[in-house]
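Reviewing the structure listed below.
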Amino acid sequence: MNKKIYSIIAIIILVAVYGYDAYFDQQVEEQVVAQGATAKTNTNEYFLPTSTTGQVVHHEGYSLSYSETHEQPEWVAYELKKSHLSNTNFKRPYFEIDKAVKTGAAHWRNYKNSGYDRGHLCPAGDRKYSQAAHDETFLTSNITPQKHDFNAGVWNRLEQKTRYWANKYDGVFVVSGGILNGKMKTIGEEKVAVPNQFYKVLIDVNSGEAKMLAFLLDHKESKEPLYKFVVSVDEIEKRTGIDFFSQLEDTVENRLEASAVYSNWSF
DNA sequence: CTGCGATTC
DNA sequence: GAATCGCAG
């Protein structure tokens, strides 16, 4: 008689424990998917945007989608981890053609005496954790023509603020590029297009609830505070045709990308 | 930090 | 072309 009761109790306990465990796992999984936290284990692969050009190239420190017609990337994406931040000073190497771009990346000569900077999209300052990572940003597939006062000015301020956020929020994912449409000037024999606007999109999945932030800047120097350039991710998608953060669960993605609220980001 | 240009070999 | 140096915001 006692045996029977013990057996029943044991079964009830087993079911309860198993059930709770399964429930707990499910909750965790939903949370992980919602926050895109699996990105942690897959660095810059997880949050890659879609490519409108069909030519995605992966490097150790960043990935890019190359637009042959504009001779520059339509986006450059990478994770800026807190551990990447460093004060090391590496000597600047020479710019090199990215051999991984099969259609042929632009030669740096296009920029020579053009009046435009060779502007990094994955900044050298974000890849200072090793000489190799640093030097890898000097591939011309990571470069876009930028006015010097813009590059060294408001764009540089935004990059420094991004490093501030990477430190504060334990890493952020970054996607940057020029808006490659409309009428654009070109420079050099290969006719590298000069974007009229540049964008930067950020996502933080490592500190609390996932949050996004997007910037759209005219290609001109500005002393305005950075929050004045905040737009929704949807706005950038509309202008570029690129789909960002599609790995997120749809309702989460839609909600975050429609918002231009920046109150949960510290400026 | 973001860069360019002159000079030298 | 490669490396070094100085300069500017």
Side-chain angles (χ1 to χ4, degrees), chain A residues 61-62 64 71-73 75-99 104-169 171-172 174-179 185-190 192-202 213 215-229 266-267:
Chain A
Y62 60 95
L64 65 98
E71 288 292 4
Q72 66 191 282
W75 53 254
V76 170
Y78 57 98
E79 181 180 15
L80 180 56
K81 297 183 182 181
K82 189 172 182 173
S83 63
H84 289 154
L85 300 173
S86 159
N87 289 321
T88 321
N89 264 322
F90 295 113
K91 197 178 72 171
R92 289 169 72 93
Y94 301 103
F95 286 90
E96 286 183 16
I97 296 171
D98 185 350
K99 289 173 183 167
H107 195 284
W108 57 265
R109 278 199 209 88
N110 292 290
Y111 293 77
K112 183 99 174 171
N113 295 322
S114 70
Y116 289 89
D117 277 11
R118 304 165 180 107
H120 285 72
L121 285 169
C122 177
D126 283 2
R127 305 284 86 157
K128 293 176 78 175
Y129 52 90
S130 79
Q131 178 86 58
H134 171 265
D135 290 0
E136 194 183 52
T137 68
F138 285 77
L139 296 169
T140 56
S141 54
N142 181 42
I143 299 301
T144 181
Q146 291 182 325
K147 294 175 185 172
H148 181 70
D149 56 356
F150 172 83
N151 185 23
V154 61
W155 188 250
N156 187 27
R157 272 198 291 140
L158 180 53
E159 290 175 338
Q160 291 184 35
K161 185 68 82 177
T162 301
R163 287 190 276 274
Y164 163 80
W165 285 319
N167 179 63
K168 187 179 183 70
Y169 301 134
V172 290
V174 187
V175 185
S176 305
I179 304 286
K185 284 188 212 171
T186 62
I187 58 170
E189 288 187 6
E190 293 179 279
V192 181
V194 180
N196 296 308
Q197 294 174 302
F198 290 92
Y199 69 88
K200 189 181 287 288
V201 178
L202 306 172
L213 194 58
F215 296 88
L216 182 64
L217 289 78
D218 284 339
H219 189 180
K220 63 180 185 190
E221 166 60 343
S222 171
K223 300 296 185 191
E224 293 288 300
L226 292 172
Y227 59 76
K228 297 239 182 188
F229 302 101
S266 162
F267 275 82

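Just so we're on the same page: letters track the sequence lines, and every chain starts at 1. These numbers come from a predicted model, not from an experiment.
- Nucleotides of DNA chain B nearest to Gly115(A) and Pro123(A) differ in position, and the one nearer the 5' end is that of Pro123(A).
- The side chain of Ala124(A) lies closest to dT2(B) when the candidates are dT2(B), dT4(C), dG1(C).
- One interatomic measurement links the two molecules: CD of Gln146(A) to C1' of dG9(C), which rounds to 15 Å at whole-angstrom precision.
- Within the 6.0 Å centre-distance limit, the rings of Phe198(A) and Phe150(A) are counted as a close aromatic pair.
- Rounded to whole angstrom, the span from the CG atom of Asn151(A) across to the P atom of dG3(B) amounts to 4 Å.
- Here dT2(B) presents its P atom at 13 Å from CG of Leu121(A), a figure rounded to the nearest Å.
- Place His107(A) and Lys91(A) on DNA chain C by their nearest nucleotides, and His107(A) ends up nearer the 5' end.
- If you measure from atom CZ of Arg92(A) to atom C1' of dA2(C), you get 16 Å, rounded to the nearest angstrom.
- To the nearest angstrom, P of dG5(B) lies 15 Å from CZ of Arg109(A).
- Proximity of a side-chain donor or acceptor of Asn110(A) to a complementary backbone N or O of His107(A) within less than 3.5 Å is detected.
- Between Arg118(A) and the phosphate of dC4(B), there is a side-chain N or O to OP1/OP2 separation shorter than 4.0 Å.
- Using a 4.0 Å cut-off on heavy atoms, the residues of residues 155-163 of chain A that approach DNA chain B are Asn156(A), Glu159(A), Arg163(A), listed by number.
- Remark: C1' of dG5(B) and NZ of Lys112(A) are 7 Å apart, rounded to the nearest angstrom.
- Ring geometry for Tyr129(A) versus His84(A): interplanar angle under 30°, hence parallel rather than tilted (30 to 60°).
- Side-chain contact check for Tyr164(A) and Ser266(A): at least one donor-acceptor pair (N or O, by modelled atom type) lies under 3.5 Å.
- Among dT2(B), dG1(C), dT4(C), the nucleotide with an atom closest to any side-chain atom of Tyr94(A) is dT4(C).
- Backbone-only contact: Gly119(A) has heavy atoms under 4.0 Å from sugar-phosphate atoms and none from a base.
- Taking atom CZ of residue Phe95(A) and atom C1' of nucleotide dG5(B), one finds them 14 Å apart after rounding to whole Å.
- Lys200(A) places no side-chain N or O within 3.5 Å of a backbone atom of Val174(A) that could act as its donor or acceptor partner.
- In this structure, the nucleotide among dC4(B), dA2(C), dG5(B) sitting nearest to the side chain of Asp117(A) is dC4(B).
- Nucleic acid contact class of Asp126(A) (heavy atoms, under 4.0 Å, all strands): none.
- At a cut-off of 3.5 Å, with distance as the only test, a side-chain donor of Lys185(A) or Tyr116(A) sits close to an acceptor on the other residue.
- Taking atom NE2 on His219(A) and atom P on dT2(B), their separation rounds to 16 Å, with Å as the unit.
- Remark: side-chain polar atoms of Arg157(A) are paired, donor with acceptor, to backbone N or O of Ser222(A) under 3.5 angstrom.
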